[in-house]
Amino acid sequence: MDEPKSKLTTIRKVASWILMVLAIIYDLLPVDLVPDIPFLGWIDDFLITLVAVINLIQNNKEDISPKQSKIMRIIKWGLAIFTVVVVLILILFAALLIKWLS
């Protein structure tokens with residue numbers, strides 16, 4: 001009976017490590033959602049990496065209580081939604097700036 005839960009836990013651990021590696025690769029790649037203009041272009045990199053770190057901690061820390069896990073899940077998804085909103089606003093701002101300058 002404990003086998004499916006153990007398998008799901010293993011899958012979550014591996015997936016969280018894959019997400020962390022992808023976040024680091026995203027940080028290092030020159031191609032970006034928001035160009036790496038000092039400060040503005042680093043916001044999306046920072047937020048994506050922060051979500052990946054929280055996910056990694058949540059899924060790989062053995063002695064985490066259900067309450068702590070729930071709080072981390074809320075923070076993680078709140079940050080993920082915030083990241084999407086910030087990236088969309090920055091893309092809109094860049095598009096408006098390009099239109100205004102041309």
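Quick note: numbers below take in every heavy atom, side chains included, and nothing from hydrogens, waters or symmetry partners.
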May I have the step-by-step check of side-chain contact (heavy atoms from CB on, under 4.5 Å) for R12 and V14, ending in yes or no? CA-CA 6 Å; R12 284 185 177 166; V14 171; over 6 Å; no
Minimum side-chain heavy-atom gap D44-L90 below 4.5 Å: no
Test item: Q58 and S16 side chains (from C-beta on) under 4.5 Å apart, heavy atoms: no
To the nearest 0.5 Å, what is the distance between [atom1] on [X] and [atom2] on [Y]?
{"X": "K7", "Y": "T9", "atom1": "NZ", "atom2": "OG1", "value": "12.5 Å"}
{"X": "W42", "Y": "D27", "atom1": "CH2", "atom2": "CG", "value": "12.5 Å"}
{"X": "I48", "Y": "L22", "atom1": "CD1", "atom2": "CG", "value": "11.0 Å"}
{"X": "I18", "Y": "K13", "atom1": "CD1", "atom2": "NZ", "value": "14.5 Å"}
{"X": "N59", "Y": "I11", "atom1": "CG", "atom2": "CD1", "value": "12.0 Å"}
{"X": "M20", "Y": "N60", "atom1": "CE", "atom2": "CG", "value": "11.5 Å"}

Under a 3.5 Å threshold, yes or no: a donor from one side chain and an acceptor from the other, between N55 and K76? yes
Consider only side-chain heavy atoms of I, L, V, M, F, W and Y, link residues closer than 4.5 Å, and tell whether [X] and [Y] are in one cluster.
{"X": "F82", "Y": "L50", "value": "yes"}
{"X": "F46", "Y": "V84", "value": "no"}
{"X": "L29", "Y": "V21", "value": "yes"}
{"X": "L47", "Y": "L56", "value": "yes"}
{"X": "I57", "Y": "I24", "value": "yes"}

Whether S69 side chain and S65 backbone form a donor-acceptor pair below 3.5 Å: no
If you compare all heavy atoms of D45 against all heavy atoms of T49, which two are closest, and at what distance to 0.1 Å? O-OG1, 2.8 Å
Evaluate side-chain contact (heavy atoms from CB on, under 4.5 Å) for L97 paired with W100, printing each intermediate quantity in order. CA-CA 5 Å; L97 187 63; W100 181 67; 4.1 Å; yes
